[in-house]
Protein chains: 2
Amino acid sequence: MTAESSALTKNQEMVLGALSQAKGPMSAYAILDELRQEGFRAPPQVYRALEKLMKNGLVHRLESLNAFVACSHGACHSTGLVAFAICDQCGLVSEFSDEAVTNSLTNWIAKNQFSNTKTTIEIRGDCAACAAA
Amino acid sequence: MTAESSALTKNQEMVLGALSQAKGPMSAYAILDELRQEGFRAPPQVYRALEKLMKNGLVHRLESLNAFVACSHGACHSTGLVAFAICDQCGLVSEFSDEAVTNSLTNWIAKNQFSNTKTTIEIRGDCAACAAA
DNA sequence: CTGCGGACGTTATAATATAACAACGAGCCG
DNA sequence: CGGCTCGTTGTTATATTATAACGTCCGCAG
Ligand SMILES: [Zn+2]
Ligand SMILES: [Zn+2]
Ligand SMILES: [Zn+2]
Ligand SMILES: [Zn+2]
């Protein structure tokens with residue numbers, strides 16, 4: 001392997017492709033169905049690819065939906081905490097990293113001596129466009 | 001009905017009881033297994049109770065675990081956003097509502113014209129005690 | 001009484017996720 | 001070359017989480 005965390009395999013490319021073209025979050029099974037024509041046959045193929053893609057920061061899991069999205073930034077090497085605003089109407093996912101949010105949460109974590117964490121921040125509602133409609 | 005959102009039924013009491021006595025989050029099926037001796041037979045009994053309890057703020061769902069906890073405060077009528085710090089070692093769940101966190105997130109929401117939202121904030125890691133050990 | 005609505009019980013099934021193992025192929029070394 | 005090892009893949013089976021659908025029961029308004 002190179003200095004990179006390593007290149008993507010074919011399956012990983014296909015899963016990432018499906019997520020990148022999607023206009024909203026996709027469940028693992030939606031990905032599977034889309035990739036059946038490309039030869040996918042079973043859930044583990046999707047889940048294994050997703051696992052690797054998430055480890056590399058190319059894909060995020062939306063816990064409140066049990067679904068997945070491609071990282072808006074190509075890959076997430078963000079220093080701050082990543083948050084998602086998810087429109088329940090149109091499926092739009094806005095990935096963001098807000099300094100004030102990061103600071104306030106990391107402050108709480110420090111004050112309460114919580115350890116190395118993985119943090120989930122998900123806002124569910126309607127996006128500006130859908131709320132206006 | 002009274003001015004209250006209404007009293008709990010027997011099933012709801014039992015589910016809340018199971019969650020209140022638990023030392024950590026419980027999956028719906030863990031609750032079901034615990035309550036089989038009390039006569040529970042099938043998932044819908046648990047899920048229906050949980051739905052009502054959550055609507056009344058007595059129970060919270062932890063999205064990143066697909067599990068449930070009793071509200072630490074008895075019932076949540078909090079004005080701010082509620083967050084959870086979850087210890088992956090011992091299962092301890094610290095429910096909190098931090099003003100700085102609430103403000104920073106609601107600021108982002110306002111700036112981005114997101115609508116009425118339901119917000120999930122979950123910090124996963126090790127609690128102070130477990131991190132020390 | 002009668003009809004309605006809410007909680008409940010029950011069966012079946014959907015949706016999400018992982019365990020387990022066989023097969024394959026690329027790289028390495030004898 | 002032939003055999004080894006390791007990582008990816010394919011495949012089957014199963015575990016886990018959640019909901020649909022329908023019938024029963026019961027309290028209460030009319
Ligand atoms: Zn990202
Ligand atoms: Zn929208
Ligand atoms: Zn609460
Ligand atoms: Zn702990």
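Every heavy atom of this structure was used, including side-chain atoms; hydrogens, water molecules and symmetry mates were not. Here the structure is a predicted model, which is why all the values come from computation and not from measurement.
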Review point. Which of parallel (below 30°), tilted (30 to 60°) and perpendicular (above 60°) describes A:W108 and A:F114?
Key: tilted
Point to revise | salt_bridge(B:E122, B:R124) N-O dist < 4.0 Å | key: no
Check your understanding: Think B:T9 has a side-chain N or O under 4.0 angstrom from the OP1 or OP2 of C:dG6?
Key -> no
Review point. Rounded to the Å, how far apart are B:L50 CG and D:dA18 P?
Key: 9 Å
Practice item. Please tell me if the side chains of A:F68 and A:H60 come closer than 4.5 Å, counting only heavy atoms from C-beta onward. Key: no
Check your understanding: Any side-chain N or O of A:Q45 under 4.0 Å from OP1/OP2 of D:dT9?
Key -> no
Point to revise | d(CD1, B:I31; C1', D:dA18) in whole Å | key: 13 Å
Exercise for review: Using atom NZ of B:K10 as one end and atom P of C:dG9 as the other, report the distance to the nearest whole Å.
Suggested key: 9 Å
Strictly under 3.5 Å: I want the nitrogen or oxygen pairs between protein and nucleotides 17-20 of chain C, one per line.
{"from": "C:dA17", "atom 1": "OP1", "to": "A:R61", "atom 2": "NH1", "distance (Å)": "3.1"}
{"from": "C:dA17", "atom 1": "OP1", "to": "A:R61", "atom 2": "NH2", "distance (Å)": "2.3"}
{"from": "C:dA17", "atom 1": "OP2", "to": "A:Y47", "atom 2": "OH", "distance (Å)": "3.0"}
{"from": "C:dA17", "atom 1": "O5'", "to": "A:Y47", "atom 2": "OH", "distance (Å)": "3.4"}
{"from": "C:dA17", "atom 1": "N7", "to": "A:Y29", "atom 2": "OH", "distance (Å)": "2.6"}
{"from": "C:dA17", "atom 1": "N6", "to": "A:Y29", "atom 2": "OH", "distance (Å)": "3.2"}

Review point. For the pair made of CD in A:E63 and C1' in D:dT17, what is the distance, rounded to whole Å?
Key: 14 Å
Review point. Rounded to the nearest Å, what distance is computed from the NZ atom of residue B:K52 to the C1' atom of nucleotide D:dT19?
Key: 19 Å
Point to revise | A:S27 vs C:dT16: side-chain N/O to OP1/OP2 distance below 4.0 Å | key: yes
Practice item. Check side-chain contact (heavy atoms from CB on, under 4.5 Å) between B:A100 and all other residues, then give those that pass, not counting sequence neighbours. Key: A:S104, B:D98
Review point. So, do A:C76 and A:E95 sit near enough that their side-chain heavy atoms are less than 4.5 Å apart?
Key: yes
Check your understanding: Can you check the A:E38 CD to D:dT9 P distance for me, whole Å?
Key -> 15 Å
Check your understanding: What residues form a salt bridge (charged side-chain N to carboxylate O under 4.0 Å, His left out) with B:R48, not counting sequence neighbours?
Key -> none
Review point. Nearest-Å distance, CE (A:M14) to C1' (D:dT8)?
Key: 13 Å
Practice item. Take atom CG of A:N11 and atom P of D:dG7, then tell me their distance rounded to the nearest Å. Key: 18 Å
Point to revise | Residue pair B:L50 / B:I31, side-chain heavy-atom distance below 4.5 Å | key: yes
